[in-house]
Structures are given as structure tokens and as C-alpha cells.
Amino acid sequence: MSELSKRRAVVRFMKRLHAKNLLAANDGNISVRLDGQRLLVTPSGGHKAFLKAEELVEVDLSGRVLSGTRTPTGELAMHLEVLRRRPEIQAVVHAHPPTCIALSVVERQSLNGILPEVILSTGEVPIVPYARPVSQAMADALDPFIDDHDALILERHGTLALGRTLLDAYALTERMEHAAEVLYRAHAFGRIRLLPRSEERELKELYERNRAATARLAR
């Protein structure tokens, strides 16, 4: 895919995130690899529904700006932490889905052990403990999680999705919010029933086998 195609794809998915209420106003950011050393990232500020392809910023893996007239997203450190650690990941999507954020501020609540399709598609979805947004602390908070997880909820902040394609990362974002919405509605009916432990364990094993097979094919 050419650089122009990637720029257009980032803009398209950012607008879709806004249209699906997965972020609001200036919230959210996306990064995609151009090659082994260069990235395209969304700029800081500006309403994401009106983002233009030429506003994206090119940076290297140290965060140095290579081209572009805008300032990179203030959460660039978070993207760099992922992309330096996970060379197979091609795109990172950070969004602010309201139901996922609401879930993250409730004690002893998570998406795990409830919906089989979530386990099969994402494995475990951890909630990363709170760290101040737009800070190195937020990137540091990811450290225990990003090697083994592609879908994360950031406490009081949003979601982070890692994909081998931009579509994969977007789809994980959409799935997390859909699962959180199902959980929210289920609470209206009564007490949540978890999957049997044995079934959850087998579903996780299936996910891990599929993840390993995908990684082998990508080499």
C-alpha cells in the first residue's frame, strides 16, 4: 500500500471511529507503519471528524518528526512503546469508547469470562491501571501488557488496539465497545453469569493456538 493510500485509510478510519461514537471531538489517535523505521501518526488537536490526509505527521521510532506541518499526537509515546516492542504490529488505534471507559471505573468489572466470541477474537482484555493521559507514564503503564495482548482498556481513558492491519486494530476497538455495551445491558436484567471455567479455559487455548498460527504465517 502506498503512503498516500495509508494516509487516506487513517483518515477514513478516524472518521469512522467518530461516526460510531468511539471517540469525540479531538479525542483519539492512530499510528501506522510506513516501513521498519517510519510511522504515520495523527496530529495533536483538531476535531478528528474533519481530519485531512495531509495533516498526518511522519515520525521515526524515536519520535523525531520527519515531515509534516502539525505536531504529532500528544500520546505518541504510547504508540512508540507498542511499535518498538511489537515489530509484527502494523497499526495502533487509541479510541475513547464511552461504555469501555465506564466499565473501567467500576470496581471488579471486566470483559473477561463472559462472551465466547470476545475470548476467541481477543483473548483476555486487561484493564491497564490509571496513568495520566498525554504522558510518558501512560506509555510506561503499558509495559506489563503489550507483549501478550492486542486489545486493552485504559482505566478512565479509553482503549488501545494493536493490529497487523489498520482494519484489524479498528475491529478490535469496535468489538471491545460492543462487548462492553452487551455487559451494560445484561446488568439491567440481573446478575451476570460467567462462562464455566472449563469452557473459558478451552476458548483461551483456541485463541492462543490461532494467534500462534497467525504469527507463523506472518513470518
Side-chain angles (χ1 to χ4, degrees), residues 1-20 22-23 26-44 46 48-49 51-68 70 72-97 100 118 121-123 125-126 128 138-139 142 145-154 157-178 207 210-211 214-215 217-219:
M1 185 184 290
S2 69
E3 178 176 333
L4 179 57
S5 295
K6 289 184 178 183
R7 286 178 177 271
R8 288 173 174 170
V10 169
V11 169
R12 185 168 66 251
F13 277 104
M14 188 58 82
K15 291 183 177 182
R16 185 164 183 82
L17 287 166
H18 180 268
K20 295 279 286 186
L22 297 171
L23 53 80
N26 297 5
D27 296 344
N29 31 78
I30 289 176
S31 63
V32 295
R33 290 189 194 271
L34 288 174
D35 55 35
Q37 296 298 319
R38 299 180 302 134
L39 319 171
L40 276 179
V41 298
T42 47
S44 176
K48 296 306 193 297
L51 183 67
K52 297 177 182 178
E54 59 268 24
E55 293 178 304
L56 301 184
V57 184
E58 181 186 349
V59 301
D60 64 17
L61 285 173
S62 71
R64 181 169 61 97
V65 174
L66 301 176
S67 69
R70 300 281 300 276
T73 170
E75 296 186 310
L76 179 60
M78 189 165 60
H79 292 261
L80 295 175
E81 182 71 17
V82 171
L83 293 167
R84 286 194 292 247
R85 288 264 293 272
R86 298 280 302 275
E88 80 280 14
I89 295 301
Q90 298 297 311
V92 178
V93 172
H94 168 50
H96 288 202
C100 282
V118 173
S121 62
T122 68
V125 182
V128 178
M138 184 70 257
L142 300 176
F145 303 98
I146 56 177
D147 287 339
D148 299 315
H149 301 90
D150 296 337
L152 305 96
I153 295 175
L154 312 177
H157 187 179
T159 56
L160 195 70
L162 289 54
R164 286 177 169 80
T165 68
L166 182 50
L167 176 58
D168 287 345
Y170 169 80
L172 284 175
T173 305
E174 199 174 75
R175 186 175 292 281
M176 282 188 280
E177 179 66 358
H178 181 262
Y207 166 76
N210 291 337
R211 190 169 186 256
T214 300
L217 289 172
R219 289 180 190 142

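- Glu54 is linked by a side-chain hydrogen bond (donor to acceptor under 3.5 Å, both in side chains) to nothing, counting only residues two or more places apart in sequence or in another chain.
- Here the closest non-hydrogen pair linking Thr173 and Pro97 is CG2-CG, 4.4 Å.
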Starting from the C-alpha separation in whole Å, work towards a yes-or-no answer on side-chain contact (heavy atoms from CB on, under 4.5 Å) for Leu56 and Leu51.
CA-CA 8 Å; Leu56 301 184; Leu51 183 67; 3.9 Å; yes
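- Sorted by first and then second residue, the salt bridge (charged side-chain N to carboxylate O under 4.0 Å, His left out) pairs involving residues 167-178 (not counting sequence neighbours) are Lys20-Glu174.
- Looking at Ile153 and Met176, their side chains come closer than 4.5 Å, going by heavy atoms from C-beta outward.
- With rounding to the nearest 0.5 angstrom, the CE atom of Met78 is 6.5 Å from the CG atom of Leu142.
- Contacts of Asp60 classified as side-chain hydrogen bond (donor to acceptor under 3.5 Å, both in side chains), with partners at least two apart in sequence or in another chain: Ser62, Arg64.
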Side chains of residues 8-16: which donor-acceptor partners sit under 3.5 Å, not counting sequence neighbours?
{"residue": "Arg16", "atom": "NE", "partner": "Tyr170", "partner atom": "OH", "Å": "3.1"}

Step-by-step side-chain contact (heavy atoms from CB on, under 4.5 Å) determination, Gln90 to Val32:
CA-CA 6 Å; Gln90 298 297 311; Val32 295; over 6 Å; no
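- Counting heavy atoms from C-beta on, the side chains of Arg33 and Leu83 come closer than 4.5 Å.
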For Arg38 and Val59: C-alpha separation, side-chain torsions, deciding distance, then whether side-chain contact (heavy atoms from CB on, under 4.5 Å) applies.
CA-CA 6 Å; Arg38 299 180 302 134; Val59 301; over 6 Å; no
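- If you run side chain to side chain contact (heavy atoms under 4.5 Å, CB included) between Leu152 and each of Val125, Val82, Thr159, Leu162, only Leu162 comes through.
- Proximity of a side-chain donor or acceptor of Ser31 to a complementary backbone N or O of His79 within less than 3.5 Å is not detected.
- Between Leu39 and Leu80, some side-chain heavy-atom pair lies under the 4.5 Å cut-off.
- Contacts of Glu75 classified as side-chain hydrogen bond (donor to acceptor under 3.5 Å, both in side chains), with partners at least two apart in sequence or in another chain: Asn29, His94, His157.
- The minimum heavy-atom distance between Ala169 and Ala161, with the atom names listed, is O-CB, 3.2 Å.
- In this structure, CZ in Phe145 is found 10.0 Å from CG in Leu154, a value given to the nearest 0.5 Å.
- Residues Gly36 and Leu61 approach most closely at O-CD1, 3.4 Å, considering heavy atoms.
- Here Leu17 contributes atom CG and Ile30 contributes atom CD1; the two are 5.5 Å apart, rounded to the nearest 0.5 Å.
- One finds the CD atom of Glu3 at 5.0 Å from the CG atom of Leu34 (value rounded to the nearest 0.5 Å).
- Inter-residue side-chain proximity for Val93 and Leu172 is flagged as unmet; no heavy-atom pair is nearer than 4.5 Å.
- By the side-chain hydrogen bond (donor to acceptor under 3.5 Å, both in side chains) test, Arg70 is found to be paired with Glu55, residues two or more places apart in sequence or in another chain being considered.
- Taking the side chain as every heavy atom from C-beta outward, Val92 and Leu160 approach each other to under 4.5 Å.
- Using a distance-only test at 3.5 Å, with no hydrogens or angles considered, no donor-acceptor pair links the side chain of Ser5 to the main chain of Met1.
- Proximity of Leu23 to Lys48: side-chain heavy atoms (C-beta onward) are separated by under 4.5 Å at one or more points.
- With Glu58 as reference, Leu66 is the one residue of Val41, Leu66, Val65 to meet the side chain to side chain contact (heavy atoms under 4.5 Å, CB included) rule.
- Residues His96 and Leu22 are not in side-chain contact: their nearest non-hydrogen atoms beyond the backbone lie 4.5 Å or more apart.
- Enclosure of atom NE2 in His149 by more than 12 non-hydrogen atoms of other residues, nucleotides or ligands within 6.0 angstrom is indicated.
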